[in-house]
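Just so we're on the same page: letters track the sequence lines, and every chain starts at 1.
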There are 2 protein chains.
Amino acid sequence: MNDSAPGADGTPGTGSAAGSRRKDVRRNQQTLLDAAAAVFVTSGVEAPVRDIAAEAGVGVGTVYRHFPTRADLVIAVYRHQVDACAEAGPALLAAEVSPHAALERWVGLFVDFLVTKHGLAAAMQSDDAGFEALHAYFLDRLVPVCAQLLEAAVAAGEIRSDVTAYPLMRGIGNLCIGAETDSRYDARHLVALLVAGLRKD
Amino acid sequence: MNDSAPGADGTPGTGSAAGSRRKDVRRNQQTLLDAAAAVFVTSGVEAPVRDIAAEAGVGVGTVYRHFPTRADLVIAVYRHQVDACAEAGPALLAAEVSPHAALERWVGLFVDFLVTKHGLAAAMQSDDAGFEALHAYFLDRLVPVCAQLLEAAVAAGEIRSDVTAYPLMRGIGNLCIGAETDSRYDARHLVALLVAGLRKD
DNA sequence: TTGTAAAACGGAACCGCGTTCCGTATCGTC
DNA sequence: GACGATACGGAACGCGGTTCCGTTTTACAA
């Protein structure tokens, strides 16, 4: 559920032509995902599309036929990790001793994911039009899970009830921005503080 | 020679040529600051340099002679507000009933400032090379003040002692990203939560 | 006032990046 | 092997930051 493993293909819907009848299409789709994952690791998610195309040994046109925009490529690369994070929520709720503990662990998972992906947190919150899809995908997938954990913790009387999932997720994402490039900045610590601030007085 | 920017000089002037003997220089300097401030309000701090030049009725070359980079222009526009915020720290410490109350008020001031400047928080944390100066200016000016407030609160036994000023300031700045463009996201609330999390258990 | 050098001005030009377009190469099928 | 459909590569476009340079303005002196 955390880093590496770029290879796994997305479910249909990742690219436009996941199940094409043409062999070269399927091959390039996979080649591009692998290349993008590799480039993202070394250069961050803000890496130029041309770099990804070069790494994959294809032209930029090919990248755009498979992924209409750079954001779609980013989504495709990380989709399964986001999904894994989403699925971990209910599991933690069932396994942990308390909803608040589950929330803490789950948030930790999310932060670990974001912090190890160079520039992902920043891209996600970027008001750059092209990245709205990225923002939306993360939020659509994770906000409901967060809401469920929050609700359980509120029901258990462990946290205050004036916090909703959406701003909390955005805030956590925001706190992760720049964590990879500044050793003096400890995002995990601050997120822990924020989650601590949720506790009922 | 990159040091002559309006970054670290102690002079009250905003740009590099504030006290030129040529009157057109002084006039353009002021015109540019006014134009930039106006454009920042309507289009955010990410507004194209060309727009600012047009608003000021000058060519882009003139903008760059006065402000070596877009970030320097942003710094110049907001410098006095940052300074005012920095100076408010000791004042609040003296005026408020407790260091923690002073910290809360001061953080509120900072957040209000950031949240009302379209895109400023995002620009400040951008890993875009040109904005490092902006980041640095804010931090140089505000971190010492924050440290002073933190220290006083720790000395008074009000907050935990494992938080330093730098990550706290960065975290608060991060939480403000996107607050202006998303009504569902309440940065003030989250920052309040974070500051609440500082309290000693 | 007028001449002159220094400094500033404007905006075309350059570079990098996301994205689009289109002539060409490749694939699956008959 | 021929053919239509589809994908490919990469040149071209638009945009934004920054630089460059020929032209204009300024301050000062004769």
message = Salt bridge or not between B:Glu46 and B:Arg70? Use side-chain N to carboxylate O under 4.0 Å.
response = yes
request  = Provide, to the nearest angstrom, the distance between the CD1 atom belonging to A:Ile52 and the P atom belonging to C:dC17.
outcome  = 12 Å
ask   = Quick one: the side chain of B:Arg70 and the base of D:dG17, do they pair up donor-acceptor inside 3.5 Å?
value = no
ask   = Can you tell which of C:dC9, C:dT19, C:dC27 lies closest to the side chain of A:Asp24?
value = C:dC27
task = Measure the acute angle between the ring planes of B:His135 and B:Tyr166, then classify it against the limits of 30° and 60° as parallel, tilted or perpendicular.
result = perpendicular
inquiry  = Assess whether a salt bridge exists between A:Arg105 and A:Glu96, defined as any Lys/Arg side-chain N lying under 4.0 Å from an Asp/Glu carboxylate O.
reply    = yes
ask   = Does B:Glu151 CD have over 12 foreign heavy atoms under 6.0 Å away?
value = no
task = Give one of base, sugar-phosphate or nothing for B:Ala47, where a contact means two heavy atoms less than 4.0 Å apart.
result = sugar-phosphate
note = From the candidates D:dA27, D:dG10, D:dG17, the one with an atom nearest any side-chain atom of A:Val60 is D:dG10
inquiry  = Between C1' on C:dC27 and CZ on A:Arg22, what's the gap in Å once rounded to a whole number?
reply    = 4 Å
inquiry  = Nearest whole Å is fine: how far is C:dC9 P from B:Leu32 CG?
reply    = 8 Å
inquiry  = What's the closest nucleotide to the side chain of B:Arg65 if the choices are D:dT19, C:dC9, C:dG18?
reply    = C:dC9
